[in-house]
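Since the structure comes first, as structure tokens, the remarks are kept for the end.
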Number of protein chains: 2
Amino acid sequence: MASTARLAEIAALLGEPARAAMMQALMDGRALTAGELAQAGGITPQTASAHLARLTQAGLLAMERQGRHRYHRLAGTEVARLLESLMALAEAPARPAIRTGPREAALRHARTCYDHLAGRMGVALADALVARGHLELDHDAGRLTEAGAAHLLALGVETAPGGRLLCRPCLDWSERRPHLAGRLGAALCRHCLERGWLRRVPGSRAVRASPEGARLMRDAFGLDWA
Amino acid sequence: MASTARLAEIAALLGEPARAAMMQALMDGRALTAGELAQAGGITPQTASAHLARLTQAGLLAMERQGRHRYHRLAGTEVARLLESLMALAEAPARPAIRTGPREAALRHARTCYDHLAGRMGVALADALVARGHLELDHDAGRLTEAGAAHLLALGVETAPGGRLLCRPCLDWSERRPHLAGRLGAALCRHCLERGWLRRVPGSRAVRASPEGARLMRDAFGLDWA
DNA sequence: CCGGCACTTCGTCCCGGGCCGAAGCGTGCC
DNA sequence: GGCACGCTTCGGCCCGGGACGAAGTGCCGG
């Protein structure tokens, strides 16, 4: 059996609000400096430093130095999945979401979930692909159809090596329906960001489409969700 | 964003070794009494009682009474998935598994992972279905082929309603390769248990095949893993 | 070379939570 | 009805961990 002590150690690391906040801040897949993470956690740099050391030592974070800056990122997709599971449970229907400011609305609208699109846009993208017959998706798994694979290839979206068509759904905590995760979800997200169709909102996990980008995404994917 | 406080609360609940042990004991999908869980956690019934109350109040466990016994079970598949994610991380390659007694070997051999088969048997079952052309499986998703669906239907295995062929992989922490989870994984496990091909080992998550069962599973699935 | 910035380390304080013994409540059996 | 069992509640003890101020280290730009 997986070590109970080790499981409890990992869970306990995430069970402290400041560390949890810092980990969530990293869920957009980027790297943040220790100072930025201290702010995300609402604690002083000294406290953040101790917390980051523990998270890194436990293998949940990876750190790299650039000059005097220490950049931290999630150690891998397994850590991201764990946080996804925690977020899904934290947002379970039994506990209705607290709807706060416009920032929360922006995250519900469109955000990145580690490496793929989430929020209403992410779910709408999955729905549009399904409607076009390009994707089959349910709670357990997803599969790109041949037509879908050909279409994405024509767009220049990298699908899986060897033409693998299977893809992973991720339960969207804000919509309670699946969006597209895994390698394909990541490829679609990267494509949209690289083309400039989507841009990250500074200091947030939210993303936003330019008018041009919204139009191009409508053309490319049948995405009409505004 | 999912509430940080709520995420930390859930993680903290699992971050205490006694509670983690009790939750893991429930990962075979069954219900256990408060006394059994106290033993699983290595604590007195008084301590267990307080812990179980907190887990239930937080929505991680569901409790039902039968006479003077209180039966507890995992509250649902999302809780199981969270524990799967935690177990996968706890067993990450960076920390080689401690190989202890025969009990650990039995779990590595064959066990249930909440509602589906895991361990060498679970991975071998997935491999056998893939080898027979009945299943496609990678880390992101899985799909039953038409031939596979027909075969399982002939065996009396309930596949998804509406003939849905997509299925979810689950990363096996002991084998580091995927076994079959989701609705199809659960249906296969249930089928094998109901037919008596597999039997649960009392007081454990391990399962064991009778000689007859092993032969029938070899015939049914091409499962030759002994 | 020096000052400033990013971050870490050290020391100290305070509080929450895990533990169990004792007592109490509800259920079931004889 | 009484006794035993399963489990809960209460009270108290002890310890680990989160917080920050002060000081220290390393890097970078002028």
Side-chain angles (χ1 to χ4, degrees), chain A residues 3-26 30-74 203, chain B residues 3-26 30-74 203:
Chain A
S3 165
T4 299
R6 172 70 178 148
L7 186 154
E9 177 194 353
I10 293 174
L13 283 167
L14 299 174
E16 206 286 317
R19 287 196 293 268
M22 294 193 287
M23 295 296 281
Q24 276 185 302
L26 292 168
R30 289 181 295 177
L32 292 172
T33 65
E36 290 165 331
L37 289 168
Q39 283 187 301
I43 51 181
T44 65
Q46 308 91 294
T47 307
S49 195
H51 285 325
L52 291 171
R54 288 180 61 187
L55 290 165
T56 305
Q57 208 280 324
L60 299 184
L61 287 184
M63 190 268 285
E64 73 184 89
R65 296 185 179 200
Q66 276 189 17
R68 62 195 180 199
H69 289 287
R70 307 280 196 280
Y71 284 92
H72 299 264
R73 67 175 71 244
L74 296 185
Chain B
S3 165
T4 299
R6 172 72 177 148
L7 186 154
E9 176 195 353
I10 293 172
L13 283 167
L14 299 175
E16 206 286 318
R19 288 196 293 269
M22 294 192 287
M23 295 297 280
Q24 276 185 303
L26 293 167
R30 289 181 293 177
L32 292 172
T33 64
E36 290 166 332
L37 289 168
Q39 283 187 301
I43 50 180
T44 63
Q46 308 91 291
T47 306
S49 195
H51 285 323
L52 290 171
R54 288 178 63 187
L55 290 166
T56 304
Q57 207 280 324
L60 299 184
L61 288 184
M63 189 269 283
E64 73 183 88
R65 296 186 178 197
Q66 277 187 14
R68 61 193 183 200
H69 290 286
R70 306 281 196 278
Y71 284 93
H72 299 264
R73 66 175 70 246
L74 295 185

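Below, read A as the first sequence line, B as the second, and so on, with proteins coming before strands; counting in each chain starts at 1.
- When the P atom of C:dG17 is taken as reference, atom CD of A:E16 falls 11 Å away, rounded to whole Å.
- Rounding to the nearest 0.5 Å places CG of B:L7 at 10.0 Å from CE of A:M23.
- Taking all atoms of both residues into account, the shortest heavy-atom contact from B:A38 to B:M22 is N-SD, 4.3 Å.
- One distance of note links CG of B:L61 with CG of B:L74; it measures 6.5 Å at 0.5 Å rounding.
- For the atom pair CG of B:L60 and OG1 of B:T56, the computed distance is 8.5 Å after rounding to the nearest 0.5 Å.
- Along DNA chain D, the nucleotide nearest to B:M63 and the one nearest to A:A12 differ in position, and the one closer to the 5' end is contacted by B:M63.
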Problem - Nucleotide-resolved protein contact map, nucleotides 24-30 of chain C, B/S/- at heavy-atom distance under 4.0 Å - result: --BBS--
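- The OH atom of B:Y71 sits 11 Å away from the P atom of D:dG6 (whole-angstrom rounding).
- The structure places OH of A:Y71 at 7.0 Å from CD of A:E36, a figure rounded to the nearest 0.5 Å.
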Exercise for the section: Please test B:M63 against B:L52 for side-chain contact (heavy atoms from CB on, under 4.5 Å), starting from the C-alpha separation and ending with a verdict. Expected result: CA-CA 9 Å; B:M63 189 269 283; B:L52 290 171; over 6 Å; no
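- Nucleotide D:dG6 holds its P atom 15 Å from the CG atom of B:L52, rounded to whole Å.
- Remark: A:P45, A:Q46, A:S49 in residues 40-51 of chain A come within less than 4.0 Å of DNA chain C through at least one heavy atom.
- The shortest non-hydrogen separation linking A:A21 to A:G41 is CB-CA, 4.0 Å.
- Rounded to an integer number of Å, the gap from CG of B:L14 to P of C:dG18 is 12 Å.
- Per the geometry, CD belonging to A:E36 stands 8 Å off P belonging to C:dC7, to the nearest Å.
- Atom pair B:L37:CG and D:dT8:P shows a separation of 10 Å (rounding to whole Å applied).
- As judged by a 4.0 angstrom heavy-atom cut-off over every strand, A:A38 is placed among residues making no nucleic acid contact.
- A:R19 places its CZ atom 9 Å from the C1' atom of D:dG17, with the value rounded to the nearest Å.
- To the nearest 0.5 Å, atom CG of residue A:L14 and atom CZ of residue A:R19 are 8.0 Å apart.
- Separation of atoms OG1 (A:T47) and CD (A:E16) is listed at 9.5 Å; rounding is to 0.5 Å.
- Within the 4.0 Å cut-off from OP1 or OP2 of D:dC27, not a single side-chain nitrogen or oxygen of A:H69 is found.
- One interatomic measurement links the two molecules: CD of A:Q57 to P of D:dG17, which rounds to 13 Å at whole-angstrom precision.
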